[in-house]
Amino acid sequence: MKNKYTATIWLPLTFIILFELCLAGFITLRYDQSNKNVMRNVESIRASYWGSWYFGKELSRLEAQIKKAIYLNKNDNEAILEKLDFLIVSYEYLALDEKISPLLQSYAVNILQENIVKLDKVALPVLAREDPINQYPDILTIVEKLKLGHDKIVFFELKGSDLNLFTDEVNRNQERLLYIIYSAFLIGTLLITVWSVTYLNFKRTQKQSNIDELTLLPNRKHCVELITLKMQKSKPLCCFFIDLNGFKQINDTLGHHTGDEVLKTIAKRVSYSIGGEDIFSRIGGDEFILILCDYGDRINVDTIVERIMEQIQQPINIGGKTVTVGSAIGISFSSEEVNTVNKLFLTADSAMYVAKGLKEGSSSNYQYY
């Protein structure tokens, strides 16, 4: 999810740069037929825009890869190193290639050089370690500084600093048309920017309304929507209603912060062990819903629920303290009688309370409806 959201953020910027390249091409057709120097300037502008876009794209890919590794707590040195190499190549093109505008090239080197050198010095030793995950944020900090520098370069381009060299060589009687082109360019950029902000705010609001803020799982409302869609397709479903045993004691004795960390850890553990078609949601407090789509037979369901109980009951280390929780899981199946989301929840909830009555301390049990 996070990788898709990052791609959505960069899409409008890519579109703006492509719009600028199209405008540069139009200017080339109109003005460069009579002057070779003007032609060289336009080619330089086009190469500069492409170089800037290429650097921005590789920077975004590296950032997304590092964030993914941090989020998954996964050693991903090979992929990060590959994207780091592409980033260095894109920077060398922007800073050294003779086709790039000298004005933009000088500005880019002045803005980016220090952090590029720092990234190279910090990243390579980190990526050479066997367990570099804790140092990934150090690399990410430098990448974010480079993004700020890249934003300055894009703004520098949007101001038309390179194009000023071009317009100085254009005949005076063509200036009016040139101003019209610039006006269209600025208006188009403004409209695209407004659209981008509006669209991203809409998507962000839509996503936040469907996600539990603490665990990043689907919330109850979105869970009901997803299950309803599957029921409309007449897919057989198995529902686990999961309630944590011993969680209230952790909240009362160690505080809500520790309780929140327990919930996030449980959410990650279970999420990693289910199929892509399954639905896992936090519906409130310490209660979760797991919907299995391709669950096979009863024996396979037994295996799945026992695996999930074992994962939940594994010790959790938070701030130097080790805590454990158990789970009471009620299991029900969709059928001709249990044909709504509400009935599916109610039957699984009823079975869960039976399982909860069988618990001892923070142990785990499950019960079929």
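No hydrogens, no waters, no symmetry mates; every other heavy atom, side chains included, goes into these values.
- Salt bridge absent: D76 and K68 never bring a charged side-chain N and a carboxylate O closer than 4.0 Å.
- In plain terms, the two heavy atoms of A69 and I80 that are nearest each other are CB-CD1, 4.3 Å.
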* Verify side chain to side chain contact (heavy atoms under 4.5 Å, CB included) between N219 and I211, making sure each step is shown before the conclusion. => CA-CA 5 Å; N219 58 22; I211 298 299; 5.9 Å; no
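- Residues L346 and V338 fail the side-chain proximity criterion, which asks for heavy atoms closer than 4.5 Å.
- Atom CG in N115 sits 7.0 Å away from atom CD1 in I142 (nearest 0.5 Å).
- Between atom NZ of residue K264 and atom CG of residue L216 there is a gap of 8.5 Å, rounded to the nearest 0.5 Å.
- For CD of E225, the number of neighbouring non-hydrogen atoms (other residues, nucleotides, ligands) closer than 6.0 Å is greater than 12.
- Here the shortest heavy-atom pairing between I312 and G326 reads CG2-O, 4.0 Å.
- Here the closest non-hydrogen pair linking L94 and A108 is CD2-CB, 4.0 Å.
- A 6.0 Å sphere centred on OH of Y369 holds no more than 12 heavy atoms belonging to other residues, nucleotides or ligands.
- Linking Ile, Leu, Val, Met, Phe, Trp and Tyr whenever their side-chain heavy atoms come within less than 4.5 Å leaves L217 and I283 in two separate clusters.
- Side-chain contact check for F240 versus I308: some heavy-atom pair is nearer than 4.5 Å.
- The backbone N or O of I318 sits nowhere less than 3.5 Å from a side-chain atom of T322 that would complete a donor-acceptor pair.
- In terms of hydrophobic clustering, with Ile, Leu, Val, Met, Phe, Trp and Tyr side chains grouped at heavy-atom distances under 4.5 Å, M309 and M352 are assigned to different clusters.
- Under a cut-off of 6.0 angstrom, the local environment of CZ in F86 is sparse, with at most 12 non-hydrogen atoms contributed by other residues, nucleotides or ligands.
- Within the 4.5 Å cutoff, no side-chain heavy atoms of V323 are placed close to those of P315.
- Between K230 and L237, the closest side-chain pair of non-hydrogen atoms falls below 4.5 Å.
- For the atom pair K83 NZ and S60 OG, the distance stands at 11.0 Å (nearest 0.5 Å).
- No more than 12 heavy atoms of other residues, nucleotides or ligands lie within 6.0 Å of CG in D294, so this atom counts as exposed by the packing criterion.
- Considering all non-hydrogen atoms of both residues, L87 and L146 come closest at CD2-CD1, 4.4 Å.
- Ionic pairing of K147 and E144 is not present here: no N-O contact between side-chain nitrogen and carboxylate oxygen is shorter than 4.0 angstrom.
- Relative ring orientation between Y368 and Y366 is described as perpendicular, the plane-to-plane angle rising above 60° on a 0-90° scale split at 30° and 60°.
- Counting heavy atoms from C-beta outward, D286 and V262 have side chains that stay 4.5 Å or more apart.
- For the atom pair OG (S281) and CD1 (I227), the distance works out to 7.5 Å, reported to the nearest 0.5 Å.
- At least one side-chain heavy atom of R282 sits under 4.5 Å from a side-chain heavy atom of L214.
- Of all heavy-atom pairs spanning N245 and K356, the tightest one is OD1-NZ, 2.7 Å.
- Atom CD of E114 has 12 or fewer neighbouring heavy atoms from other residues, nucleotides or ligands inside a 6.0 Å radius.
- Crowding of L148 atom CG: a count of heavy atoms from other residues, nucleotides or ligands under 6.0 Å exceeding 12.
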* Asked: Checking side chain to side chain contact (heavy atoms under 4.5 Å, CB included) for the pair I291/D278: CA distance, chi angles, key distance, verdict?
  -> CA-CA 6 Å; I291 301 295; D278 299 334; over 6 Å; no
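- Y295 and I289 are not part of a single hydrophobic cluster, where members link through side-chain heavy atoms under 4.5 Å apart.
- With values rounded to the nearest 0.5 angstrom, T258 atom OG1 is found 8.5 Å from N251 atom CG.
- A cation-pi arrangement is absent between R220 and F345 under the rule of less than 6.0 angstrom and at most 45 degrees off the ring axis.
- Under the 4.5 Å side-chain heavy-atom criterion for Ile, Leu, Val, Met, Phe, Trp and Tyr, Y136 and L59 are members of the same hydrophobic cluster.
- Distance alone, capped at 3.5 Å, places no donor-acceptor pair between the D85 side chain and the E82 backbone.
- Remark: the E58 side chain and the Y91 side chain contain no N/O donor-acceptor pair separated by less than 3.5 Å.
- Put simply, the side chain of T340 does not reach to within 4.5 Å of the side chain of T228, judged on heavy atoms.
- In this structure, the side chain of Q311 does not engage the main chain of I266 through any donor-acceptor pair within 3.5 Å.
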* To do: Applying side chain to side chain contact (heavy atoms under 4.5 Å, CB included), run through I279 and L290 and close with a yes or a no.
  => CA-CA 6 Å; I279 302 169; L290 173 59; over 6 Å; no
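- From I250, atom CD1 reaches atom CG of L244 across 8.5 Å, with rounding to the nearest 0.5 Å.
- Between the side chains of T324 and Q313, not a single donor N or O lies within less than 3.5 Å of an accepting N or O.
- Within 6.0 Å of CD on Q113 lie more than 12 heavy atoms contributed by other residues, nucleotides or ligands.
- Of the candidates F280, F247, F241, F288 forms a ring-ring contact (aromatic ring centres under 6.0 Å, His included) with just one, namely F280.
- Hydrophobic clustering places V143 together with L124 (ILVMFWY residues linked when any side-chain heavy atoms are closer than 4.5 Å, directly or through intermediates).
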* To do: Could you check L127 against L84 for side chain to side chain contact (heavy atoms under 4.5 Å, CB included), going step by step and ending with a plain yes or no?
  => CA-CA 10 Å; L127 297 176; L84 177 62; 4.3 Å; yes
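- At least one side-chain heavy atom of D252 sits less than 4.5 Å from a side-chain heavy atom of K248.
- Smallest separation of non-hydrogen atoms from A267 and T215: CB-CB, 3.8 Å.
- Looking only at distances, no side-chain donor or acceptor of S52 sits under 3.5 Å from a matching main-chain atom of Y49.
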